[in-house]
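A short write-up of the structure that comes next.
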Amino acid sequence: METKERLEPVLEELEPVRFRFKGKIARLLGRESVSNAIVALTELVKNAYDADATLVVVAFEGVTKSEGRIRIIDNGTGMTYEEFKERWMVVGTDYKERKRVTPSGRIMVGEKGIGRFAVERLARRVEIISKVKGKDTQIRVLIDWDQYESEKSFFDAIENKVFLESKKDPSEHGLELILSELRDKWDASSLQEFMRQMNILIPPVEFARKDFVVEVRTPEFPDLSGEIQSLIFREAFYTLTATLESSGKATYEVVDRDGKRSVETFIDTEKTPQCGPIKFKLYFYPRGFAKDEKVDYKVLDLAEVRAILDNFHGIRIYRDGFRVKPYGDPGNDWLDLNSKRLIRPGRLFPDNRQVIGIVEIFRDKNPDLIDTTTREGLIRNRAFSDMFNFLERAVEYLSIRRRKDRKEEKPPVTVIRAQVERINSAIKRSNIPIPIKNRVLLTLKGIEESALGLVMVYRNLASLGITVLGVAHEITNPISTILNYSEALLIMVQTGEVDIDQLEKAAKNIRSNILRISEFIDFVVAYNRRKRRKRLKTDLREVLNGVLDGYRAIFQKRGISLITEIDKEPKEVFIYRGDFESILINLITNSLEALRFKSGKRIIKVSLMFDSEAMHLRFSDNGRGIPIENRELIFEPFFTTKEDGTGVGLKIIREIVQEYGGSVQVLDSELENGATFKVEIATRSMM
Amino acid sequence: MSQSKPKILVIDDERDWADSVQMLLQDRYHIDIVETGEEGLRKVKEIDYDMVLMDWQLMGAKSGTDVMVEIKEFNKIIPVILVSGKIDERKPIIEAIHKGIADYVEKDPDLPVELPNAIERQLEHRDRIVTALDRWFRELENPDQVLIRTLSGKEYTGRQIIDEIKKDSPIGRELREGIIRTTLDLILRGKVSV
C-alpha cells in the first residue's frame, strides 16, 4: 500500500495569522468568570495585601442604589507608569506565580491576574491612581469597560487614557481604585459576607500592631463601618491566657467556648525567670483531624477556619507591638508542638497548625531576650529557655484540660455496677467448672456491696457539707483497687482461664478494700449523726481531741506530724457539737489538701486557747499556703473552681463561725510556710 | 522469670492497689512492686526495667519529683508513667511532665482500660536501636568482653556501652552515633545484610 506523503509545490508564503480578541473577551474574563461581586471585591483587597499594604480602606458610597461607587485605597507599593503598563495591562502575566513571597515576606494570596477582571466584574468604569514612594508624580488611569462591549473593537486596540499628575507628598504610596457605575447593588448582608471573607487576610493579633488592617467606610450602614475585626478569636474551642510575672509566679487560665474556666498558679521558688514578665495567649482550633472529632464553628465554617489557620497558625512573638521573626511564620513550629504531639500520643497535645499563639514582650521589661546579630530570632540564652519553659507548661496545661474535658464523668458506683454486670454475663456464657463459677459469683456479690456502700458515703458526705473531692483520696485507692481486680476477673472469665489462687487473692483483696471503704463510711456517718441536735454543754477541747483522734491514722499514713497546743483550763460552752466538728473537719481537709505535694516535713499545728472574752482557734499547716490576694476569695463558694478540690468547705466554716458572731481569717503560717486559719468566737455567743 | 515479657517497676505505697495492678497486667508484663522511692531507685539501678509506673505522692523522705529526677539521671530513656490519685492534680502533672514523665493516668474508673493502653503506647515508642543493642549485648556469651576501645584507650563492655547510652552522657551519645554510623557503613559496603 502506498503511504507516501504528497507535497505540492509552494507558490508564495502569506502573512501568518494570529488569534485576536474582540473587546468582549474582557466581559468573558471578568463578569463571566468571577463568580460574584463579593469574590471580586475580596480579590482586590488581596491584591493590596500582596502589594504589602498595611491599610486598606474600602469605601462604599451610595451602593444601595444603582450605579453607586466603591473606592479601594491602599498604602501598598503602588506601580510606576512602566510597571502599570507591563504588569497590570498585560493579560497572563505570571508575575505572582514566579514570586510567591512579597518583599515584606508575605505569602501572596491573590489569584494571579484576576484583579483587573475583578474590576470589570464590579463596575463599568474605573479610575486608578497609583503612587510610588519617593516620586513627586502619580499616574491616573481611566478605564471604561463599556468600550469593550462594542462589536467592532479589538481587545488590544482599545486605548485607556493615562495622565501624569503632580503629587503633593512624595512619601505617599499605594493604589486607589475608584469603581463607579457599579454593576451590583450592595446591602447589609453582602457587606457582611465581604467582611467575613476578609478574615483570611486579617492577622489575628492582640496587644500588638496589626500589619494588615481593612477598614470599611459606609455611611449607609454606620454599624458596619470601621476596622474589620477578625472573627477567629471568637471561634476558638479553648483560649489559654498565661502570664509570667518577674517574680516567677505563673498563672495559666483556660476558658472553653462555653465559658467554663479553669485556673492554675505556679510559683517557682527555686529561681526567678531571667526572661522577665511575659503574656501569652493561645487559641485552639480543632481541624477535624480525628475521625470522631466533632467540629462545628459558630459563624465561620470549618473550611474557612482551616484557611485562616493555614495563613496564621503558629506562635508569634511581638516585642513592643512588632513581630519578632521568624517565630510563628507559617510552618515555623519553634515550640516543637508537632514532635511533642507525636512522641506523646493520647495526650491531646495541640498541633502547631491547630493554634494561633501570641507572645507579648517588651524591650524594657525583657532586656535579656536579645536578637541574634543576623536578626533572625532571639539568642538561645537562659532567658529564652525560661520563656520557652513557661510557654511549654502553658500548652501542657491546655492539653491536660482538653484531656479532662474529653473524659466522661463516670460515678464510680455506676462503673462498678456495670463491671459486675459484664462479669455476670461473661460467666453465663463461659464453660468454666461450676464450683469456680460459684466462687466468682460470690466475689461479685462482695463487689456489689462495695458499690452500695459508696452510695452511702457520697450521701453522707454531702449532708455533712464536706466536699467529696476533699476526702475522695481516702476512697480513690480502694475503688481503683476493686476495679482493677474486677477487670482481671473479667479477663479470667472471658478467657476461661480461672486460676483458683488468683481468684482467691482477688476475692480476698476486694473484701479488704470494701472493708476500708466501709470503715471510712462509719467514720463519716458517726460524725453525721452527732450533728445538729441541741446546743449542749460542751468542752471544746474534748471535741477537738475527738476529731484529731479520728484523723490520726490518716496523718500517720501521710507522714504528717501533729502539734497541739490546748488550753489547760476546761472551758465549758453551749454549742452544737456538730458545728465545731464541721469547722475542724473542713480545716483538716483543707490542710491535707495543702500538704499533699509537700516534700520534706509535713506539719499541722492546732492551738485552742481561751481568754476571758473569746475562744481562739489557730489552725496551721506548712503546705502550699494561700496567696494574699486570695485570702478573702477562698471563702467564696467554688472560688477555686471544682478542679482545685477545696470547693465549698471554707465557705461552710465561715457560715458557721458567722452564725456565732465570730470571725475567721487566713494569715501567713505560724510555721515556716503554709497558712494559718484564725477562728475567734466570743465566749458569750456560746452561752 | 519470663524472658520475653517487658519488665515494669511499680512504685506505690498503696500496696493493695499495686497488687491489683499486678494481677491485671501480669499476663503481659513482668511486674515488680516497691513502696518507697528509695527502694524504687535501688531497683532501677539493679534491674533493667522497660518502664516505671509511679505514684507522685510518695511516702518516705524523697518526693515523687526527687525520685523521678534521680531515675532519669541514671537512665534517660526509661519511660515513666505517673499514676495520680486525682485527675485534678494538674499542677503536679505539669511539673512531672517537665521533669520528664512520658504520660500520666488517673486512678479513676477508666484506669483498668487506660493503663494498659498507656503502657503499650510507651513501649511502642521505645528507642528500637537501644532496645536491640540491649538485647544483643545481653545475649553475648562473654558479657565482660571489651567491645569498643576508644582512641584515648578507654574500654567498654556491652553493658557499659548500654549504660552510657541510657544515661545519655556525652560519651553515650558518641557511642550510639558511632555504632549506628559503623553499622550503616557496613551495610552500604555490603559487609552485613539487614
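Below, chains carry the letters A, B, ... as their sequence lines are ordered, and counting in each starts from 1. Everything numeric in this text was worked out from a predicted model, so none of it was measured.
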Shorter than 4.5 Å, heavy atoms on both sides: which option in A/Asn509, A/Thr414, A/Asn513 has the most such pairs with chain B?
A/Asn513
Value for CZ (A/Arg516) from CD (B/Glu14), rounded to nearest 0.5 Å, stands at 4.5 Å
Given that the side chain runs from C-beta out, which part of B/Asp110 has a heavy atom under 4.5 Å from chain A: side chain, backbone, both or neither?
side chain
Toward chain A, the part of B/Glu124 with a non-hydrogen atom under 4.5 Å
neither
Can you name the closest pair of heavy atoms from B/Lys107 and A/Thr476 and give their distance?
O-CG2, 3.4 Å
For A/Ile400 against B/Tyr104, the heavy-atom pair lying closest together
CG1-OH, 3.5 Å
Using a 6.0 Å cut-off, check whether atom CD of A/Glu504 has over 12 heavy atoms from anything other than its own residue.
yes
Rounding to 0.5 Å, atoms CG (B/Leu111) and CD1 (A/Ile479) come to a distance of 12.5 Å
Residues of residues 486-497 of chain A near chain B, each having a heavy atom less than 4.5 Å away:
A/Glu487, A/Ala488, A/Ile491, A/Met492
Working to the nearest 0.5 Å, report the span between CG of A/Asn484 and CG of B/Asp19.
10.5 Å
To the nearest 0.5 Å, what is the distance between CE on B/Met23 and CG on A/Leu503?
8.5 Å
Of all heavy-atom pairs linking B/Asp16 and A/Ser512, the shortest is OD2-OG, 3.9 Å
